[in-house]
Structures are given as structure tokens and as C-alpha cells.
Amino acid sequence: MENNIIKIAIFASGNGSNFEALAKHFEKLHDYKIEILIYDKKDAFVIERSKKFNIESKYIDYSFGKDSAEDQIIEILKDKNINIVFLAGFMRILSKKIIEIGIPIINIHPSLLPKYKGINSIERAYNSDDERIGVTIHYVNEGVDEGEIIAQESIRLDKSKSLDEIESEIHKIEHKIYPITAEILCSNLIN
Ligand code: GRF
């Protein structure tokens, strides 16, 4: 690692509220820096958030195929000497060549994995008979929402609340646990 600063890349596709939670957290810390936002949707709101935090962003065009898109991503990670990657609503499955590059890649998912992998997880959990629902942070592998679990936080599923209310509670948990967990993972790279 260069100058003892841990360099972070965040990949996102959409709204970017988790990106913002991470950006807010890391801007206060001197040992870590979010170097770049990588995004794959030209109109993603996350771009506005990256501007607000003065974080460089790079659009990756997947329309020429996953292989060339991933080659571009790998080039950026190498050029910028990225030490760790956090996915924050990145709607792509990464292939082996990125996963095995030797940089930890972490994702956040709005369910208590292994339950409700994939999309509409909060709604599926809300419609279940589960007593508790929550959020998982995990390492990324070639599967969908499948890698080793790093952290989970849960709440009781209160059906007297609306789906919207539950969704916002889940997102609040995400915005709390992702930055804290991310900082611990980054600090482990120094020690
Ligand atoms: C979050 O719920 C995250 O857990 C999931 O995608 C959503 C992204 O939301 N992987 P945002 O773009 O961070 O607001």
C-alpha cells in the first residue's frame, strides 16, 4: 500500500445511499481514502453523490460485453493501486478474473443471508413468516450474494409497519453497519 493510505474503490449502479454513508464516514478518516466510484448506469444518482464528496467516478460500459468491461475495471484497480473494493448496490455479478485479483471485495445485502438472495429481498422477507429480518455484509464470490459472511444485524419483523417503513429501517441499518464494518476491514489491511 502506497504512503500507508488504504485506497478504496466503490462499485454502484443506482441510488447510492450506501455509497454516501461510506463517503461520509471515510472523509473523516486520514488512513483511508475512497479513490474512485465505478458505476455501470449512465444516469445513476450515485454520480451526483460522488460529485458532492469530490470523489472521482468512472463509467464502465457493459454494452460491449462483460469481458471487456471487467478488463477496464481491472486496469483501474491496478492503476490506482486499490487495496479494497466495496460494492454498494452494484447490479452485476463479478467473474473469477476480478474476484481472484487479490483485493478483498465486499458486498452489502438487505437480508439475513442465506435467505432472500437476489432482488426484492426486503419485500420477500417482509412477506415471510420470519421473526427477524436484517442486513448482511459478506465477501463476494462468483455466486449471487453467496460469499463468506462478515457481519449481520437484525430487527424483529413488525408486521404492523408498512413495507415502506420496514424498507427504510433496513436501509438505516445498512448505513450504520456498512461504514463501521468497512473501517474495520480496512484497518485489518494495515495491521
Ligand atoms: C441496498 O439495499 C444494498 O443492500 C443492495 O442494493 C441496495 C442499494 O441501495 N445491495 P443504494 O444504491 O445504496 O441506495
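Residue numbers count from 1 along this sequence. We count ligands from 1, going down the list as the structure has it; atoms in each ligand are counted the same way.
- Taking 4.0 Å as the cut-off between side-chain N and carboxylate O, D67 and K97 count as a salt-bridged pair.
- Shown in contact with P110 at under 4.0 Å from a heavy atom are these atoms of ligand 1, numbered in order with element: 2 (O), 4 (O), 5 (C).
- Residues passing the ring pair (Phe, Tyr, Trp, His ring centres under 6.0 Å) test with Y59 are Y39, sequence neighbours excluded.
- Between the side chains of S17 and H171, no donor-acceptor pair is found at a separation under 3.5 Å.
- Sorted by first then second residue, the salt bridge (Lys or Arg N to Asp or Glu O under 4.0 Å) pairs that include residues 134-148, not counting sequence neighbours, are K117-E146.
- Listed by atom number, the atoms of ligand 1 under 4.0 Å from S17 heavy atoms are 11 (P), 12 (O), 13 (O), 14 (O).
- Electrostatic pairing of K80 and E56 counts as a salt bridge here, judged by a charged N lying under 4.0 Å from a carboxylate O.
- Against a heavy-atom cut-off of under 4.0 Å, H109 is close to the following atoms of ligand 1: 4 (O).
- For G16, the heavy-atom gap to ligand 1 drops under 4.0 angstrom.
- Numbered from 1 in the order shown, with element, the atoms of ligand 1 that lie under 4.0 Å from a heavy atom of G89 read 6 (O), 8 (C), 10 (N).
- Those atoms of ligand 1 with a heavy atom of N15 less than 4.0 angstrom away are 12 (O), 14 (O).
- Ion pairing between a basic and an acidic side chain is recognised when a charged N comes within 4.0 Å of a carboxylate O; K51 and E48 show such pairing.
- Taking every heavy atom of E174 and a limit of under 4.0 angstrom, the matching atoms of ligand 1 come to 1 (C), 2 (O), 3 (C), 4 (O).
- Checking only distances, N107 never comes within under 3.5 Å of ligand 1, N or O to N or O.
- Nearest protein heavy-atom contact of atom 9 (O) of ligand 1 is N18 ND2, 3.8 Å.
- In summary, the side chains of D164 and S162 do not present any donor paired with an acceptor at a separation below 3.5 Å, with no hydrogens or angles considered.
- At a 3.5 angstrom cut-off on N or O pairs, I108 counts as close to ligand 1.
- At least one heavy atom of H171 sits less than 4.0 Å from an atom of ligand 1.
- Cation-pi check for R92 over F11 is not met; the charged atom does not lie both under 6.0 angstrom from the ring centroid and within 45 degrees of its normal.
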